[in-house]
Structure formats: C-alpha cells, structure tokens
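Every chain is numbered from 1 and lettered A, B, ... according to where its sequence line falls, protein lines coming before strand lines. Since the structure is predicted, the reported quantities are computational estimates derived from the model, not experimental observations. The figures that follow rest on heavy atoms only: side chains count, while hydrogens, waters and symmetry mates do not.
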Amino acid sequence: MRFSASIASGCPSLARRVILHLDMDCFYAQVEMIRNPELREKPLGVQQKTLMVTCNYVARKLGVNKCMSIREAREKCPQLVLVSGEDLTHYREMSYKVTGLLEEFSPRVERLGFDENFIDITELVEKRLRDPQCGGAMEASGHVYNQQVPDASDWTHQRLIVGSQVAADIRAAVYSQLGLTGCAGVASNKLLSKLVSGTFKPNQQTVLLPESCSCLINSLNHVHRIPGIGYKTAQRLEALGLGSVSALQSCPITVLEKELGAAVAHRIQMLSRGEDDSLVTPTGPPQSLSEEDSFKKCCTVSDVSAKLEELLRLLLSRLSADGRSAHTLRLTIRQFTPTNKYFNRESRQCPIPVKVAQSRSGSAAVVSALMELLMKLFEKMIDVKMPFHLTLLNVCFSNLKASRSSASSRCSIGFYLTQKKLSKPLRKDSESLRSVSDTAMAPSCTPHTACPQGTEPNVGFAMDCKESVDGDAVSSLPKSVDVNVFSQLPVELQKELMSEWKNQKITPKIQTKKFQDKGKTSKGQRSSAASHPNSLLKYFKPN
DNA sequence: CTGGGCGAGT
DNA sequence: ACTCGCC
C-alpha cells in the first residue's frame, strides 16, 4: 500500500516540473584562469589548432568572440593571450566536479557537453514550499524574463520563483566550492530553461514564467536557434520555406512528416512551440572514452603507428582511472580531400578479446595487443601499399563494463541489499540509485509495459502489484525495476525501496530497456558515475 | 586558419 | 557504419 501510494503521489506531473539549466561561463577559459590566476585580468583565448574555441570576458570586451579563427582573433585583439586547449584533461576533471556537486542537490543531473548541466529541481522546490521556514516573501532571485511580474497567488509562479532561489543557492555553491561562475535558467522544461539561461550573461540567472514563453520562443530569429534543430534539419526546413519559428509552429504536421518522418516532425514542432516533454536523464559515467588528434598531413604507416600509440596510451590511462574495462575498440580516420574537408570520416570497430580487456591496463602486452588491432582496423580502410593522406585519427573505447575487481563486489545491488549497514548513511541519495543501475548488465531483461513517458512512471512496477479486494493496489514490493524508471522516482521513494529490498534480502531484477520512446530502443547499461569506486575519483570534494 | 569530444537514432 | 545532434 505504501509503495503504490507513494509512487502515485510522488511523481511530478510533467507540467509541474521545475528544471534548471546551468551553463558555465567561458568554461575552458575559466579553468585556465584558475590554473593561472595571472591570466584573469588579461584578454585570454583558448586555442585548439587554428581555432580559438573560447575566450574570457576581458577578451570579449575587446571584440573577440568564441569560435573565431586564431588569425581573426589576433587581428581584433593583438594583446590576446593564447593558451593551448587541446588537452582536455583539466576541463574534463573540472566538468565532472561540477556535475558531482550538482548531484548532491539532486540525483537528476544530465550533462550536455563539458560545461552545461540540466537539473530537475522539482523535489527541492516542493520541499521548500512545504517548509514553513522558507515561507513568506516570494521574490525571484535574479532576473525574471521579459520583466514579467510574478503573481503570488499563482502556484506555478510560486514554484518557479522558489526554483530561482534554488538556482541561486546552487550557483553560489559552485562558486564557493569550485570557484566557477555560470548562468542559470529556470523554467518548466529543458528546452525553455536552456533558452532562458542565456538571456543575461555572464554570471547571472533568469527565470521564465509561462506567460512569457511565446515571447522567448518567438525571439529566436531562425529555427536553427532551437536546440534540437541542427544544421541539416534547419536546411531542410529552410527549403520548405520554414525558416522562421512561427512558420514551423503553424506548419501542417503532414507536411513536416513527409519531409522529416513522423518522429522528428512531431518533436521539432513541439519544440517550436516551447514544449519539451523529455526527462532530465541522469547521465552517469561516459559510455565511451576517446582521444583524437588532427593534423595537416600524416602519410606513412610508421607515423600512423606512432600517433595511434600516443592516443592509445592516453586512453588506457583514462580507462584505468575510470575503473571499468572496454570491450570494443574503434578507429576513426579522416582522409584529405580538397573539398568537403570535414565530413569524410570513416571508422572501423572490433571486439577487444576478453583476455586483453581484463588484463591490467599498464602492461606492455596490452599496448601491443591493442596496437595490432588498431593497425588491422587501419588496413581495413587504407591500402598501405598506396599513397594516403590523413588529417585526423581518433581512437575510441566503448562497450564499457564494470570490471570484476572493482564493481561486482562493492557496488552491485547485492552489496547494498546484503550489508547490515551501509558504509555511508543513505543521505547521498545519488549513491543508492547508482548502486542499482550499476548492475544493469544483468542479461535477463524482461520487457515491461510501455507507456508514454512522464504520464505514468509507476508502470515499470505495475506487474508486481496485485489488485486487492477493495480494488486498491496492494503493497507488494516490486521485484524488478527498470533503471530509467527507478531513476525518475522521487528520491524518498528510491531510498524507501532500496531499504526495503535490503531488509527483505531481495535482489530485484534489473531491466535496462529505455522507458521513454515506447521502449523501442535500449540505452544499454546505464550505470551512474559515482557507482564505480574508481570513478569516484572524478568527483573529488573540494577541500 | 573548422576542436575534441560526447550521445542517440537508424 | 553512418548521420545527426549538442557543447
């Protein structure tokens, strides 16, 4: 009884969500200024090859913008200080520190690149609304989009206003603990929170109230500015005369379906109206690790071999820190072509023999075994007896699995369910959730009833509930769980379930079928970052 | 003188 | 294996 009641009442309906988008200011430049504070007052650009990928705000005042070529940036600003940003190590580490810190506020954190995160703060907001100590004055923190005046008697306004206060707290925590500034947007879905976060930059925040939604979405000059509509889709829309947001909004769906297919058509028309029902999906640890390098010319086998070995060693080092083992190896190349230089990438992949995958990453035997595989993959694409001209090499480890030593004993669900006491109090909600998803490679995946996402998130448990005499769902403990369903449950319920499984010494079956999108695709195992003991290294707490 | 990553869908 | 999306 307890469970079904909690599940039914605890899941926020899609329309009542409060979503936060946090976008770090000129992220790579900030990291470089932390590494070398003397750079703070100078115009600073971060360089990758011939491109300045970002720059600090001192440089921006002098007319420099991100993604300018180095030549152009130097022309506009001769005093510009450039640092190399081709090694992503420091950015990656800081990026995961940010995500880790955000996960202390809510386990529902989704990464978007290295410098952006979505956080579903619905439950935090509701907690504050219930807390009498936080009651009273309803003033937004930061900007309100369109200078709309909130209506204190409007519940939706109240939730978003409280959301803006949560956002301010979170930004303050990121600054005090990591020294980073960023912009936040608060709205009722991911699309709107992302769009609104950029309205005041840098180091500011904006909340969007529903009445100003159309103002925000119609302020976009072109459909390409809508996140989710990329270059290709925008071009096809343009060809249909649908370059403007308003044209896309009012286009007959049949026209869109004919050009783009039903799924994309529906999705982008929703987006054009500011509607976005996608969930904040906890990102967890990366599903692949890759290293790449681009260059003007590489045309000998020995040069290829040397470059691949360097990439491989970097990757093995990262894989070792991650604590998982890789079971697929992929090589991507780009060959020189005078025209259309940037899109002719080809790749070949192969399994990594279990013996190699599970041996210690540092050993020379592993390096040579993987180098042999890489050169075989290379020769599947390039006839080495003929002249060739490469401009890029990428090595990627994917199909990452928890390795035996690290994961199964300490981090499996069995660990949590059989231990008398947890090593940590379950306060860190994210950790209990992680331990569940960590065992997601269990092969027995029973498909569950599909349903449109967000409408009835408890359906993943439905098979375990019986009808009782009085017609109420009976309080049987679910014995199977979809990772993605579980992760979207209220944190309190997650904890309750974990604790109850533990008490009853039950090991629930894990399903990994993706809950949304009518279950047509599997996301594969979706284990969360901190579930891996060694992955925790990425989440250092600041001193 | 257009990086170096990531994930999802097909 | 490839396309498309995001930063």
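The side chain of A/Phe114 has B/dG5 as its nearest neighbour among B/dG7, B/dG4, B/dG5. Of the candidates C/dC7, B/dG3, B/dG5, the closest approach to any side-chain atom of A/Lys194 belongs to C/dC7. Listed nucleotides: B/dG3, C/dC2, B/dC6. Nearest to the side chain of A/Thr50: B/dG3. Between B/dG5, C/dC7, B/dG7, one nucleotide has an atom nearer to the side chain of A/Glu292 than all others, and that is B/dG5. The listed nucleotides are B/dG4, B/dT2, B/dA8; the one nearest the side chain of A/Gln287 is B/dA8. Taking only side-chain atoms of A/Glu346, from C-beta outward, the nucleotide of B/dG3, C/dC2, C/dA1 with the closest atom is C/dC2.
Checked by atom type, the side-chain pair A/His21/A/Ser197 shows a donor-acceptor distance below 3.5 Å.
A cation-pi geometry, defined here as NZ or CZ lying under 6.0 Å from the six-membered ring centre and within 45° of its normal, holds between A/Arg111 and A/Tyr96. No cation-pi contact links A/Lys297 to A/Phe336, judged by a cut-off of 6.0 Å to the six-membered ring centre and 45° from its axis.
Closest of all the heavy-atom pairs between A/Val64 and A/Cys77 is CG2-CB, 3.5 Å.
Heavy-atom distances under 4.0 Å link DNA chain C to A/Ile226, A/Pro227, A/Gly228, A/Ile229, A/Gly230, A/Tyr231, A/Lys232, A/Thr233 of residues 219-234 of chain A, given in residue order.
Salt-bridge annotation for A/Glu32 and A/Arg35: present, with a side-chain N of the basic residue lying under 4.0 Å from a carboxylate O of the acidic one. Using a 4.0 Å cut-off between charged nitrogen and carboxylate oxygen, A/Asp322 and A/Arg318 do not count as a salt-bridge pair.
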